[in-house]
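Input: a single structure, listed below in structure tokens.
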Amino acid sequence: MFKPELNQLLNHIVSTARQITNAQAGRLYVLDQTKRYLYPQVSQNQLIAVSIDDLKHISINNMENICAYCAFSGKLINIADIYHYSGFDTSDIYEYDQQIGYKTQSLLTVPLRSYANITSGILQLINYHPDKKIQPFPQTLENLVKAFASQAAVALDNAQLIKENASLIKLLETENIELKRKIAKQSNLRDTFIGDSAAMKQVFNLMEKVLDSDATVLIRGETGTGKELIAAAIHKNSNRNKGSFITQNCAALPENLLESELFGYKRGAFSGAIKDKIGLIEAANGGTLFLDEIGDMPINLQAKLLRVLQEKQVRPLGSLETKTINLRIITATHCKLENLIKEGQFREDLYYRLNVFPIELPPLRARKEDIPALLQHFLKQYATRYNKALPSFSTAAFDILLHYDYPGNVRELQNIIERTILLCSGNNIMPEHLDKKLSKHTSVTPKTKLKASLQNYEKQIIEKALKTNQWNQTLTAKELDISRRSLVGKISFYKLSEK
């Protein structure tokens, strides 16, 4: 009997595989330690409640059984109509169908086989319906499912290894408390964001280096890339996290109001100042002040901000006294400050004070490998918010979303998914649920074959990683989390070469 955390992993494997393939049901069998029997561990069905108690274990020597043959041979089996197929003994499927009152039609059986070619279990994906024919699983999905099954096998093997060596892991954790604490801090920082691309890893590395310093940080990036989130994460994980994190958009207020907001004022300083007001700079004392769109700050206020940075003092409007402050200032902009300096709209001395530690956020089109994870995150978020069942993306809709360039970046993607959730009334998100502009401006048409799209996408990721690591295959394989042998094979398959 598996522990709850391992059962959770097995259920996650089945549910994720169903989402990828739009399967109505899924089962997972795990090979026992003797390598003689496949035991059912998970059975999921979107239409009825199913218990694995209704499923029997399978002898690995029974080559007439689909699962046994799949486990022994390591081959994927895709059957379009199980009731019109005579290659295997399917009596167990017929018996099970009679129990649940449904008729199995399409069946996709894939081995959970790791890179070492060791089978640890079998994943079955099923489509069935009592009164209408379901489309079989397309062959274009087979490579994707096999790749997913390989990753699932590795995860399952690792989970079992962790379970078997729990005492050793506990000892290692005790001996490396300080190291674990550091890793946990880095993990907390990265958990704030969704993104495992090389471009985002570079951002995370820069953030980790500046966390506990007092250096001013200038975050640059297009609108919608998450500049305020980066600033908030730096503050939250820094040694200033007990102080306040205060934000102000410099483009949101006219000059006079922005000055009084930042510096505060004394009673009677101007008409309408009926009582003292603490400015945001003073309120952020001991913490962090985030100034968004710093390029839009009026030139006169830039001089006053420069004095705050140089002297660590602030003087409210109408006051004769200055107050010493201890704060960190993080700024952000979507425009090129260098061009504003040439035009006389931004002070060069202030620029150098702010640009001590620059962080450049990549646009979403430069980290498209993060799009699937972002799509799933926002899908769950808005399905929960609007109390809807979690839908899946059709192949065509996913292809459109994957290849769109997102000029509004993550914020635009988020808005697209919110709108899509509101429009979608079924279990599948189709192209008609998406804004027409996506198809119009995407770099490929929705008719692009999924296999070709994924291969092209994989080629781009591998080529980019190779260039980042100066074509060092060992480092590239480690970054992509694949074996070096597998990487060499993909380089040959895609005919990649250093130019």
Side-chain angles (χ1 to χ4, degrees), residues 207 210-221 227-335 337 340-341 345-359:
M207 292 170 67
V210 79
L211 284 181
D212 293 328
S213 75
D214 284 330
T216 54
V217 178
L218 176 60
I219 305 171
R220 311 181 76 154
K227 297 185 286 294
E228 184 171 345
L229 285 177
I230 294 290
I234 291 174
H235 169 78
K236 181 180 177 181
N237 293 277
S238 73
N239 53 15
R240 291 182 172 272
N241 57 13
K242 293 182 180 179
S244 300
F245 176 73
I246 296 178
T247 69
Q248 177 60 53
N249 188 315
C250 297
L253 297 174
E255 181 174 349
N256 291 339
L257 286 179
L258 180 60
E259 182 178 11
S260 63
E261 280 294 309
L262 291 177
F263 293 89
Y265 52 80
K266 300 293 288 183
R267 177 183 176 184
F270 52 82
S271 177
I274 58 175
K275 61 180 181 179
D276 293 353
K277 175 182 172 63
I278 296 177
L280 299 182
I281 294 174
E282 186 177 348
N285 192 25
T288 304
L289 175 64
F290 174 60
L291 298 176
D292 200 4
E293 300 302 349
I294 189 66
D296 292 317
M297 177 176 279
I299 197 77
N300 293 332
L301 283 187
Q302 293 176 26
K304 295 186 175 184
L305 179 61
L306 178 62
R307 181 176 179 180
V308 171
L309 289 167
Q310 290 175 333
E311 302 179 8
K312 302 297 181 184
Q313 291 182 334
V314 62
R315 188 172 69 181
L317 297 175
S319 175
L320 299 177
E321 299 178 355
T322 60
K323 298 181 179 180
T324 301
I325 53 168
N326 173 22
L327 83 164
R328 178 190 217 167
I329 292 182
I330 300 177
T331 58
T333 182
H334 73 282
C335 58
L337 296 182
L340 295 180
I341 292 172
Q345 298 180 33
F346 201 85
R347 293 180 63 103
E348 187 172 11
D349 47 3
L350 177 60
Y351 169 76
Y352 290 119
R353 282 283 182 178
L354 299 177
N355 198 38
V356 174
F357 198 93
I359 296 178

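Keep in mind that this is a model prediction, so the values were computed, not measured.
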Using atom types as modelled and distance alone, determine if a side-chain donor or acceptor of [X] lies under 3.5 Å from a backbone N or O of [Y].
X: Lys323; Y: Glu282; value: no
X: Asp292; Y: Asn249; value: no
X: Asn237; Y: Ala233; value: yes
X: Asp276; Y: Lys266; value: no

Test log, rule side chain to side chain contact (heavy atoms under 4.5 Å, CB included), inputs Asn300 and Glu255 = CA-CA 9 Å; Asn300 293 332; Glu255 181 174 349; 3.4 Å; yes
Separation of [Y] [atom2] from [X] [atom1] (nearest 0.5 Å):
X: Ser244; Y: Leu327; atom1: OG; atom2: CG; value: 11.0 Å
X: Leu305; Y: Arg353; atom1: CG; atom2: CZ; value: 11.0 Å
X: Asp212; Y: Asn239; atom1: CG; atom2: CG; value: 4.5 Å
X: Leu317; Y: Lys304; atom1: CG; atom2: NZ; value: 5.5 Å
X: Ile294; Y: Asn355; atom1: CD1; atom2: CG; value: 12.0 Å
X: Thr216; Y: Leu291; atom1: OG1; atom2: CG; value: 11.0 Å

Of Ile359, Thr333, Val356, which meets side chain to side chain contact (heavy atoms under 4.5 Å, CB included) against Leu218?
-> Thr333
Option passing side chain to side chain contact (heavy atoms under 4.5 Å, CB included) with Phe263 (candidates Leu280, Leu258, Val314, Ile278) = Val314
What class does the angle between the rings of Phe245 and Phe290 fall in, given that below 30° is parallel, 30 to 60° is tilted and above 60° is perpendicular?
-> parallel
Where do [X] and [Y] come nearest, in terms of heavy atoms and distance?
X: Ala215; Y: Val210; value: CB-CG2, 4.4 Å
X: Asn285; Y: Thr324; value: ND2-O, 4.5 Å
X: Asp296; Y: Ala251; value: OD2-CB, 3.4 Å
X: Leu301; Y: Met297; value: CB-CG, 3.8 Å
X: His334; Y: Glu293; value: ND1-OE1, 2.7 Å
X: Lys227; Y: Gly221; value: NZ-O, 3.2 Å

Indicate yes or no: at least one non-hydrogen side-chain atom of [X] is less than 4.5 angstrom from one of [Y].
X: Ile330; Y: Ile219; value: yes
X: Arg267; Y: Lys277; value: no
X: Ile281; Y: Gln248; value: no
X: Arg315; Y: Glu321; value: no

Taking the six-membered ring for Trp and the single ring otherwise, decide whether the centroids of Tyr351 and Phe346 are under 6.0 Å apart.
-> no
Check whether more than 12 heavy atoms from other residues, nucleotides or ligands sit under 6.0 Å from atom CG of Leu257, and answer yes or no.
-> yes
Inspect the surroundings of CZ in Phe270 and state if more than 12 heavy atoms from other residues, nucleotides or ligands are less than 6.0 Å away.
-> yes
Val308/Gln313 under side chain to side chain contact (heavy atoms under 4.5 Å, CB included): CA gap, chis, key distance, verdict | CA-CA 5 Å; Val308 171; Gln313 291 182 334; over 6 Å; no
Answer yes when Arg328 and Asp214 have at least one side-chain N-carboxylate O distance shorter than 4.0 Å, and no when they do not.
-> no
